[in-house]
Amino acid sequence: AQKITQTQPGMFVQEKEAVTLDCTYDTSDPSYGLFWYKQPSSGEMIFLIYQGSYDQQNATEGRYSLNFQKARKSANLVISASQLGDSAMYFCAMRAPGGFKTIFGAGTRLFVKA
Amino acid sequence: DVKVTQSSRYLVKRTGEKVFLECVQDMDHENMFWYRQDPGLGLRLIYFSYDVKMKEKGDIPEGYSVSREKKERFSLILESTSTNQTSMYLCASRMGQQTGELFFGEGSRLTVL
């Protein structure tokens, strides 16, 4: 069965510093996709970044990058130059291509300090 | 701008009452989903629909049903609410099976007393 694990319930980071949010996954499928979503206090989930299991390079989107280590089954999110607006819940998620379900981790709440 | 709209942001109901949560998307997406979000558990899939009038159970369908009579609309029904259904309910849509990310509504926070 597929599973996503986020072991950090909460994280603090100083404004302008980088922060890494951990995500490990478990699947027996050779082909899958990994996602990160952000959920501000307003409640709406926002897609941040995607990594396919066969992608050769780590995905990047602006200040977000995904540190993909396939052998270790980890897909950590790196946020560079943190901003106060980055304070939110962050969810790691996975879907097998050809499948309908996207499964989510428990989430990490990030607090950015001024 | 793409949009997923949920009918109610906040609801308070008494045990045994019926609840109808509606979700509408304006992106012509094939797939639609209902998740519930609880602290420490993340998002768990209740039901999904891959096409009009088609529905499939997710991981926690007990106590819920769904309806998708039109492509843009996916409704979640709680026939007789219980206190353990107090939660945040999130609707999402996706273009199709092979394509990427989910687009979410703002959520409906249900409290059952």
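Convention: sequence-line order gives letters A, B, ...; per-chain numbering from 1.
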Exercise for the section: Answer yes if the ring centres of A/Phe104 and B/Tyr35 are under 6.0 angstrom apart, and no otherwise. Expected result: yes

Handout entry: B/Glu101 backbone acceptor or donor facing A/Arg95 side chain under 3.5 Å
Key = no

Handout entry: Cluster check A/Met45, B/Phe48: I/L/V/M/F/W/Y, side chain < 4.5 angstrom
Key = yes

Practice task
Using non-hydrogen atoms and a 4.5 Å limit, figure out which bit of B/Leu45 sits close to chain A: side chain, backbone, both or neither.
Solution key: side chain

Problem - Verify same cluster id: B/Tyr50, B/Trp34 (apolar side-chain graph, 4.5 Å) - result: no

Practice task
Look at the side-chain heavy atoms of Ile, Leu, Val, Met, Phe, Trp and Tyr, link any pair under 4.5 Å apart, and say whether B/Phe33 and A/Phe91 land in one connected group.
Solution key: yes

Exercise for the section: Identify which part of A/Thr102 has an atom lying under 4.5 Å from any heavy atom of chain B, answering side chain, backbone, both or neither. Expected result: both

Exercise for the section: Identify which part of B/Gln37 has an atom lying under 4.5 Å from any heavy atom of chain A, answering side chain, backbone, both or neither. Expected result: side chain

Problem - Part of A/Gln6 lying under 4.5 Å from any heavy atom of chain B - result: neither

Handout entry: Interface moiety of B/Arg109 toward chain A, non-hydrogen atoms closer than 4.5 Å
Key = neither

Problem - A/Trp36 reachable from A/Val78 in the ILVMFWY side-chain graph, under 4.5 Å edges - result: no

Exercise for the section: Report the distance from atom CD1 of A/Ile103 to atom CG of B/Leu43, rounding to the nearest 0.5 Å. Expected result: 11.5 Å

Practice task
Measure the spacing between CZ of A/Phe100 and CE of B/Met32 and express it to the nearest 0.5 Å.
Solution key: 14.5 Å

Exercise for the section: Under 4.5 Å heavy-atom distance to chain A, tell me which part of B/Leu90 shows up: side chain, backbone, both or neither. Expected result: side chain

Practice task
Kindly give the heavy-atom pair with the smallest separation between B/Gly40 and A/Ala106, and that separation in Å.
Solution key: O-CB, 3.4 Å

Practice task
Locate the shortest heavy-atom distance separating B/Lys57 from A/Lys101; write the atom from each residue and the value.
Solution key: O-CE, 4.4 Å

Practice task
Please confirm whether A/Phe47 and B/Phe104 have ring centers closer than 6.0 angstrom.
Solution key: no

Practice task
Return yes when atom NZ of A/Lys3 has more than 12 non-hydrogen atoms of other residues, nucleotides or ligands closer than 6.0 Å, and no otherwise.
Solution key: no

Exercise for the section: Group every Ile, Leu, Val, Met, Phe, Trp and Tyr by side-chain heavy-atom contacts under 4.5 Å, then state whether A/Leu48 and A/Val112 land in the same group. Expected result: yes

